[in-house]
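Order of the sequence lines sets the chain letters (A, B, ...), proteins ahead of strands, with each chain counted from 1.
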Number of protein chains: 2
Amino acid sequence: MPVRGRPRGFDVDEALERALEVFWRQGYEGASMSDLTAAMGINKPSLYAAFGSKEELFRKAVARYAEQDMGYARHAIAQSTAYDVVATLLRENVLAVTRPDRPAGCLSIQGGTACSSENAPVAEFLAASRLAGERALADRFARAVVEGDLQADADPAALARFVMSVTEGQAIHAAAGVPREELRQTAEIALTGFAAVSGARRSATADNPA
Amino acid sequence: MPVRGRPRGFDVDEALERALEVFWRQGYEGASMSDLTAAMGINKPSLYAAFGSKEELFRKAVARYAEQDMGYARHAIAQSTAYDVVATLLRENVLAVTRPDRPAGCLSIQGGTACSSENAPVAEFLAASRLAGERALADRFARAVVEGDLQADADPAALARFVMSVTEGQAIHAAAGVPREELRQTAEIALTGFAAVSGARRSATADNPA
DNA sequence: CAGATTGTGTACCGAGCGGTACGGATATGA
DNA sequence: TCATATCCGTACCGCTCGGTACACAATCTG
């Protein structure tokens, strides 16, 4: 069942990718439709036909970001010990927020922590998705407590909040131009601190990559 | 030598205070001149006469913020041990980003981490001022190493980066609505982790406030 | 081929943006 | 009292914002 009518003259995925980078660099409110269409290589009616509105475009960009740039978080949570989870999360986060082929920092924060009242839903949406990630990490830590992998009196939610706070701070540092190597030091400090506070045992797996 | 001409019909400090809160809540780009003048209770020509431009107004708001809302950082750095410095900084930061009479979070981040290219100087200015604070903390830690208060192999800049990352993450959490009590837990985790990593000795002074 | 359907480019919409010109109001100093 | 200096309010500036109307181009079905 082939398409009817004139075929689209651009690649939707590629256009979304370009839009994603503009939002990442300039934030939701700082990215104008002209900035977006210029980067996407299309005109406004094409953008509206394909994506609906600026806000829908942004939400689709965030979804794409979560899938292709936040994969490391799912990878981290899948590790077999709490220590490995945090080691992977913090170290891969450093790489993710300082990729030379991408804007610095993290879309979830650069997108906008504060907005005009009319765009408040955008900031709330970003905040909610960050907290959802934090909840997933807390659930993973809760499992680690059950498995005896974290000491029994550890507070999974508080530990998750601590780790996420560090990654957010790292993203802000990266956006400010702090280089990867310096963020790596911070990640190691946070990891060591996490182990000391939570009773998580270091792991040869994570600390001596093959 | 009294003033000549018609006297100003509003209090400049009070107007700046109102503008500060609007910038804090909505960010630099999200705060329109109409939002600002409405909150300040004045008309645009009065604003321009008194403050110059939107960007100058913002910079004056940030200066005021640094003086009256970031005082805790100077207070923290003045503590007599590295542990007390960090304990004070993390704990007072929690209070500062969750004050019920102020917007949630921190102006330095809410103001704007990403901007349209034309407003890029604003984001750069905020990033630079955050890093200046971090450098002051690193200098304080360097002194602590000299004084034997931190172990000799401690990296002052890296430790300062870690602590600042946590406070930035806390500010983002606060802006997302995370309550004070939860941030307090995070601060204690970060503080314990800091002590474990740096060799800083706990202090009865900071941990048992009078 | 005709007709239906869909995408493209131009040119435009009302609204709001940051910023200002200007005349009237209110003070001082002579 | 009157010139001078400063501030206030209205009304406006050019520009850009997010979003769309419309004519035309390109493809499918029959």
Side-chain angles (χ1 to χ4, degrees), chain A residues 1-16 18-19 22-23 25-61 111-112 114-123 125, chain B residues 1-16 18-19 22-23 25-61 111-112 114-123 125:
Chain A
M1 44 143 280
V3 286
R4 305 247 308 195
R6 179 174 175 174
R8 193 171 264 135
F10 64 97
D11 184 321
V12 175
D13 269 17
E14 196 167 326
L16 181 56
R18 300 284 149 76
V22 175
F23 282 129
R25 243 183 289 269
Q26 308 190 4
Y28 178 74
E29 290 189 327
S32 72
M33 295 305 297
S34 310
D35 293 335
L36 292 164
T37 53
M40 298 164 86
I42 62 178
N43 292 104
K44 281 195 277 185
S46 300
L47 190 158
Y48 277 87
F51 300 102
S53 70
K54 187 187 179 185
E55 184 168 341
E56 285 184 55
L57 173 64
F58 180 71
R59 295 180 118 96
K60 282 166 183 159
C115 282
S116 68
S117 50
E118 107 193 59
N119 290 321
V122 169
F125 162 66
Chain B
M1 47 145 277
V3 287
R4 308 248 304 196
R6 177 174 174 174
R8 194 170 264 137
F10 64 96
D11 184 318
V12 175
D13 270 15
E14 195 167 328
L16 181 56
R18 300 283 151 75
V22 174
F23 282 129
R25 243 184 289 268
Q26 308 190 2
Y28 178 75
E29 290 189 328
S32 72
M33 294 305 297
S34 310
D35 294 335
L36 291 164
T37 53
M40 300 164 85
I42 62 178
N43 293 105
K44 279 195 276 186
S46 300
L47 189 158
Y48 278 86
F51 300 102
S53 70
K54 186 186 181 186
E55 184 169 342
E56 285 184 56
L57 173 63
F58 180 70
R59 295 180 118 97
K60 282 166 184 158
C115 282
S116 69
S117 49
E118 107 193 59
N119 289 322
V122 169
F125 162 66

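- Residues passing the side chain to side chain contact (heavy atoms under 4.5 Å, CB included) test with A123(A), sequence neighbours excluded: C115(A).
- The distance from atom CG of L47(A) to atom C1' of dG18(D) is 11 Å, rounded to the nearest whole Å.
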Under 3.5 Å, which donor-acceptor pairs do the side chains of residues 5-15 of chain B form with other protein atoms, sequence neighbours left out?
unit_1, atom_1, unit_2, atom_2, d
D11(B), OD1, D13(B), N, 2.8
D11(B), OD1, E14(B), N, 3.1
E14(B), OE2, R18(B), NH2, 3.4

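- DNA chain C is contacted by A31(B), S32(B), M33(B), S34(B) of residues 28-39 of chain B, taking any non-hydrogen atom closer than 4.0 Å.
- Atom P of nucleotide dC13(D) and atom NZ of K44(B) are separated by 13 Å, given to the nearest angstrom.
- A distance of 10.0 Å separates CZ of F51(A) from CG of L36(A), quoted to the nearest 0.5 Å.
- Listed by chain and residue number, nothing satisfies the salt bridge (Lys or Arg N to Asp or Glu O under 4.0 Å) test with E118(A) (two or more places apart in sequence, or in another chain).
- Here dA11(D) presents its C1' atom at 16 Å from OH of Y48(B), a figure rounded to the nearest Å.
- For the pair L47(B) and T37(B), the tightest heavy-atom approach, listed with the atom from each and the gap, is CD1-CG2, 3.8 Å.
- As rounded to whole Å, 14 Å separates atom P of dG19(D) from atom CD1 of I42(A).
- Listed by chain and residue number, nothing satisfies the side-chain hydrogen bond (donor to acceptor under 3.5 Å, both in side chains) test with Q26(A) (two or more places apart in sequence, or in another chain).
- Residues satisfying the side chain to side chain contact (heavy atoms under 4.5 Å, CB included) test with A114(B), not counting sequence neighbours, are Q110(A).
- Between Y28(A) and F23(A), the angle of the ring planes stays under 30°, which puts this pair in the parallel group of the 30/60° scheme.
- Here dG7(C) presents its P atom at 12 Å from CZ of F51(A), a figure rounded to the nearest Å.
- Put simply, the side chain of E29(B) gets close to the backbone of S116(B): a donor and an acceptor are under 3.5 Å apart.
- Atom-to-atom, CG of L57(A) to P of dC17(D) comes out at 15 Å; the value is rounded to the nearest Å.
- Taken over five-pair windows at either terminus, the axes of the helix from dC1(C)-dG30(D) to dA30(C)-dT1(D) are inclined to one another by 0° (rounded to 10 degrees).
- Taking 3.5 Å as the limit, the base of dG18(C) and the side chain of K54(B) contain no donor-acceptor pair of atoms between them.
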Between protein and nucleic acid, restricted to nucleotides 6-8 of chain D and to nitrogen or oxygen atoms under 3.5 Å apart, what atom pairs and distances do you find?
unit_1, atom_1, unit_2, atom_2, d
dT6(D), O2, R6(B), N, 3.3
dC7(D), O4', R6(B), O, 3.4
dC7(D), O2, R6(B), NH1, 3.4
dC8(D), OP1, G9(B), N, 2.5
dC8(D), OP2, S46(B), OG, 3.1

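- Legend: salt bridge (charged side-chain N to carboxylate O under 4.0 Å, His left out) pairs involving residues 34-54 of chain A, not counting sequence neighbours: none detected.
- Annotation: salt bridge (Lys or Arg N to Asp or Glu O under 4.0 Å) contacts of E55(B) (sequence neighbours excluded): R59(B).
- Nucleotide dT20(C) holds its P atom 11 Å from the CD atom of E56(B), rounded to whole Å.
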